[in-house]
Amino acid sequence: FSRRRERAARGLGAGGAMEFRLEAHRIVSISLGKIYSARGQRGGLKLHKNLLVSLVLRSARRVYLGEPGGECALPPRPGPPPPPDCERLRRGCRPLASEAAARGRPECPAESPRKRSAAERDPAAGYPGKKPRRETEQPPPQEDMETGNVASLISIFGSGFSGLLGKERGAAEATEPGQVCCEQPVLRSLNPWSTAIVAF
Amino acid sequence: ETPKPPAAAAVCGGGGSDPVPAGASPWWAPQPPAPHTLRDMAGVAGGGGGGGGGNDFQWCFSQVKGAIDEDVAEADIISTVEFNYSGDLLATGDKGGRVVIFQREQENKSRPHSRGEYNVYSTFQSHEPEFDYLKSLEIEEKINKIRWLPQQNAAHFLLSTNDKTIKLWKISERDKRAEGYNLKDEDGRLRDPFRITALRVPILKPMDLMVEASPRRIFANAHTYHINSISVNSDHETYLSADDLRINLWHLEITDRSFNIVDIKPANMEELTEVITAAEFHPHHCNVFVYSSSKGTIRLCDMRSSALCDRHSKFFEEPEDPSSRSFFSEIISSISDVKFSHSGRYMMTRDYLSVKVWDLNMENRPVETYQVHEYLRSKLCSLYENDCIFDKFECCWNGSDSAIMTGSYNNFFRLFDRNTRRDITLEASRESSKPRAILKPRKVCTGGKRKKDEISVDSLDFNKKILHTAWHPTDNIIAVAATNNLYIFQDKIN
């Protein structure tokens with residue numbers, strides 16, 4: 001076991017924020033791998049396990065992207081910044097991101113504002129079944145870390161997901177009618193939450 | 001001269017020895033030791049069911065069942081263990097869909113050492129793999145749970161379930177057969193009626209004991225998600241089955257309908273934040289049941305309040321400790337098992353690192369918390385990576401509710417004495433499997449210099465996990481499932 005890694009996961013250790021993001025990056029990769037490999041499992045998708053993996057993925061993604069609410073995954077650090085509304089986050093609402101709040105959109109309970117914003121960027125993305133394969137978009141420039149690996153990882157799993165969903169469309173719809181998530185797999189617009197759950 | 005253990009409390013109407021009798025000192029005050037505590041009887045094993053179960057007993061190896069091979073066949077992995085109400089029968093289910101029932105030997109003067117030994121009584125294939133063509137999914141035959149029905153006649157009944165289908169099995173003995181039929185020969189061939197000139201009365205003749213298992217009811221097609229629990233009601237007529245999102249109520253006689261009593265499926269699956277992880281009926285109140293969630297909460301429901309018990313009567317949750325928060329806080333708070341005490345006054349929950357005892361009258365925090373393997377808290381990231389963090393450990397009470405037991409890794413299992421607050425770690429291994437050998441307590445070294453006989457956290461074998469354990473309802477006999485082997489340990493006095 002790597003002690004440094006483990007302490008980073010607990011939010012301790014020298015290097016602080018950098019270690020968090022490294023750890024978050026690693027956890028995002030591991031989580032996506034688990035969601036991806038879960039589809040081949042005998043006995044069908046295990047809802048409980050995949051829900052837990054989605055929760056971890058969501059927390060890690062928030063920390064990795066430096067989103068508000070990312071601190072909820074970590075023990076509180078002494079200092080001035082006010083704690084985010086962890087209760088809201090735990091109930092499944094999105095944190096009140098400034099852009100969405102500015103638009104005055106409701107943030108609870110579904111992630112619909114996020115989908116809409118992706119659709120605005122790309123009108124074709126919102127239509128299930130009509131999305132053509134596209135190249136990976138450039139990751140947003142404010143990433144100060146080497147994001148190429150993660151972005152391409154996401155796009156592999158992302159396109160793998162929609163490709164798989166396309167193949168198993170009939171099966172998926174027979175179980176749970178739900179919107180098939182066909183967004184362009186840019187890290188920010190990837191909604192692991194709905195992707196994992198709607199996959200059921 | 002060693003005292004005999006006191007008789008266990010009756011299942012209905014009476015309580016076990018209750019460490020917090022009503023009207024005594026408040027729950028937060030240290031409890032005086034219960035009568036017959038083993039501190040008073042130092043060195044004498046077996047204060048009986050009333051005294052406590054932890055390390056004051058001398059736990060001895062009794063038997064081990066299963067293959068010795070290092071190579072474990074997946075189908076042989078034991079997935080559930082359950083004693084019946086009298087403790088004379090011990091059932092196991094495995095990943096291959098088979099049920100094996102062991103029976104305790106009666107006292108026999110000619111074979112004194114075999115008294116109390118469990119031997120195979122019946123083996124049958126309960127579930128087979130199925131294929132759901134609509135969803136293109138295979139349905140595993142693994143037995144998730146077995147629950148015995150209380151015995152009402154000579155036959156024994158149990159419920160066994162896989163992910164989708166529950167079956168009621170009747171296990172009956174046949175030790176006589178009829179001979180001398182009129183219309184058929186001894187080998188079963190029909191006789192020509194015109195040849196029969198005289199009539200005779202068939203007589204019963206003894207035969208070698210045969211134990212037959214037959215499926216009497218099949219309860220199917222009621223669960224979209226994977227069944228995790230079944231629980232027989234104290235009315236002995238109904239039972240519940242729970243999957244990730246729903247709980248159904250069945251009548252044992254009726255297979256074509258069930259009542260849905262809990263449904264937590266959101267209208268929009270994207271809003272899903274928690275699932276049901278376990279459910280159980282109250283041992284005495286047939287209208288009360290509890291279910292636990294992946295968020296570490298327990299809801300107690302009363303079926304008299306409404307047909308659909310979506311609104312709980314009680315909600316049990318312990319506030320989170322912010323200083324121990326991590327990426328994995330939510331996963332490790334998910335409850336993997338919930339069990340009422342025999343008295344019905346308490347319930348116990350198991351999450352990844354601890355066991356908690358709750359007083360049904362207090363919703364805001366448990367009355368007792370026992371750390372099972374706290375040294376794993378700093379390893380959660382690695383345990384997430386190798387999937388061990390998703391392991392679902394079960395827990396159980398002893399007959400008098402004075403002790404609890406649960407499993408861990410490296411084939412370790414832990415027993416906690418609620419009265420003395422002492423705990424012990426034991427190991428289920430072939431090495432310590434000499435007949436009637438006393439088990440040596442084990443210890444995990446959590447830091448610093450490793451003492452002799454201690455094992456360091458990094459040396460633990462995470463593939464050897466004890467998820468399923470059972471405690472005899474009245475005696476100090478425990479059954480521990482270690483992958484494909486079933487270990488039976490007894491207190492020395494037995």
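Throughout, a chain's letter reflects where its sequence line sits, starting with A, and its residues are numbered from 1. Atom set for the values below is all heavy atoms of this structure, side chains included, hydrogens, waters and symmetry mates excluded.
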Whether A:Lys34 side chain and B:Tyr384 backbone form a donor-acceptor pair below 3.5 Å: yes
If you round to the nearest 0.5 Å, how far is [atom2] of [Y] from [atom1] of [X]?
X: B:Leu272; Y: A:Asn50; atom1: CG; atom2: CG; value: 11.0 Å
X: A:Leu55; Y: B:Ser329; atom1: CG; atom2: OG; value: 11.5 Å
X: A:Leu52; Y: B:Phe328; atom1: CG; atom2: CZ; value: 11.5 Å
X: B:Glu74; Y: A:Arg42; atom1: CD; atom2: CZ; value: 8.0 Å
X: A:Ser37; Y: B:Asp387; atom1: OG; atom2: CG; value: 7.5 Å
X: B:Ile331; Y: A:Lys49; atom1: CD1; atom2: NZ; value: 9.5 Å

Using non-hydrogen atoms only, which part of B:Glu130 is less than 4.5 Å away from chain A: side chain, backbone, both, or neither?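 Contact with chain A: none, neither part.
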Under 4.5 Å from any heavy atom of chain A - which part of B:Ile389: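 Neither part.
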Nearest atoms (heavy-atom pairs only) where [X] meets [Y]:
X: A:Gly43; Y: B:Glu140; answer: CA-CG, 3.9 Å
X: B:Phe327; Y: A:Ala24; answer: CZ-CB, 4.1 Å
X: B:Leu137; Y: A:Gly44; answer: CD2-CA, 3.4 Å
X: B:Ser334; Y: A:His48; answer: OG-NE2, 3.1 Å

Do the side chains of B:Glu270 and A:Arg58 get close enough for a salt bridge, i.e. N-O under 4.0 angstrom?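 No, B:Glu270 and A:Arg58 are not salt-bridged.
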Hey, is CG on B:Asn221 packed in by over 12 heavy atoms from elsewhere, all under 6.0 Å? no
Once ring-ring contact (aromatic ring centres under 6.0 Å, His included) is applied, do any residues pair with B:Phe315, and if so which ones, sequence neighbours excluded? B:His312
Excluding sequence neighbours, so at least two apart, what forms side chain to side chain contact (heavy atoms under 4.5 Å, CB included) with B:Tyr133? B:Phe131
Is any side-chain heavy atom of B:Asp244 less than 4.5 Å from a side-chain heavy atom of A:Leu51? no
